[in-house]
Amino acid sequence: TMRDLFIKCFGRFMAVLGCSTMVTACYGVPMESFQVKGRVTDAETGKPVAGLKMTVTPGWDYGITSGAESIKLSGEHGTSMTEADGSFIVTCYQYGEPEAYKVECEDVDGQANGEYISFDKICHSSESDNLLLEITPVRK
């Protein structure tokens with residue numbers, strides 16, 4: 001009957017419409033990649049430190065609040081390890097260019113290159129090409 005044909009066609013139309021809406025929601029706004037490059041040295045000796053895990057998370061709303069830096073993290077974080085010369089490059093992803101990012105530095109190799117105190121720091125996006133960080137060794 002004409003009614004059954006209408007219901008069948010309408011159901012297919014709605015299924016197609018539902019799929020296209022889901023695809024738009026999932027793939028409508030592409031994430032952009034950006035890199036943070038830098039170098040980590042020992043705070044006491046100035047020598048480069050290898051084997052540190054660097055994690056970078058992009059964010060928005062960078063600002064200074066009562067003397068404390070603040071950031072709202074929003075993108076996908078990236079990680080890498082420091083090389084023998086202390087250098088690192090971390091690639092992250094976010095919707096649009098971040099205003100700031102949080103850098104976490106963690107000593108994950110134990111005593112292999114000395115023991116260091118892990119730290120994190122909020123940085124402005126203008127510092128993403130040549131970030132210079134110092135890490136404090138553990139005192140025994």
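Predicted model only: the values in this text are computed from it and were never measured.
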Minimum-distance pair of heavy atoms, taken over all atoms of [X] and [Y]:
X	Y	answer
Pro58	Cys92	CD-CB, 4.1 Å
Ser80	Val90	OG-CG2, 3.3 Å
Thr41	Arg39	CG2-NH1, 3.7 Å
Asp107	Gly51	OD1-O, 4.5 Å

Is there a side-chain contact between [X] and [Y] in this structure, where contact means two heavy atoms from C-beta onward sitting under 4.5 Å apart?
X	Y	answer
Met54	Val36	no
Val108	Met81	yes
Tyr116	Val49	yes
Cys123	Leu131	yes
Ile135	Ile117	no
Val40	Pro48	no

List the steps and the verdict of side chain to side chain contact (heavy atoms under 4.5 Å, CB included) for Lys37 and Asn130.
CA-CA 6 Å; Lys37 302 173 187 176; Asn130 191 23; over 6 Å; no

Has Thr55 got a side-chain atom pairing as donor or acceptor with Glu104's backbone, closer than 3.5 angstrom?
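Not confirmed, Thr55 side chain does not pair with Glu104 backbone.
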
Side chain of Ser125, backbone of Ala100: donor and acceptor closer than 3.5 Å?
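Not a single qualifying donor-acceptor pair exists.
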
In this structure, would Phe119 and Phe88 fall into the same cluster of hydrophobic residues linked by side-chain contacts under 4.5 Å?
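Hydrophobic grouping puts Phe119 with Phe88.
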
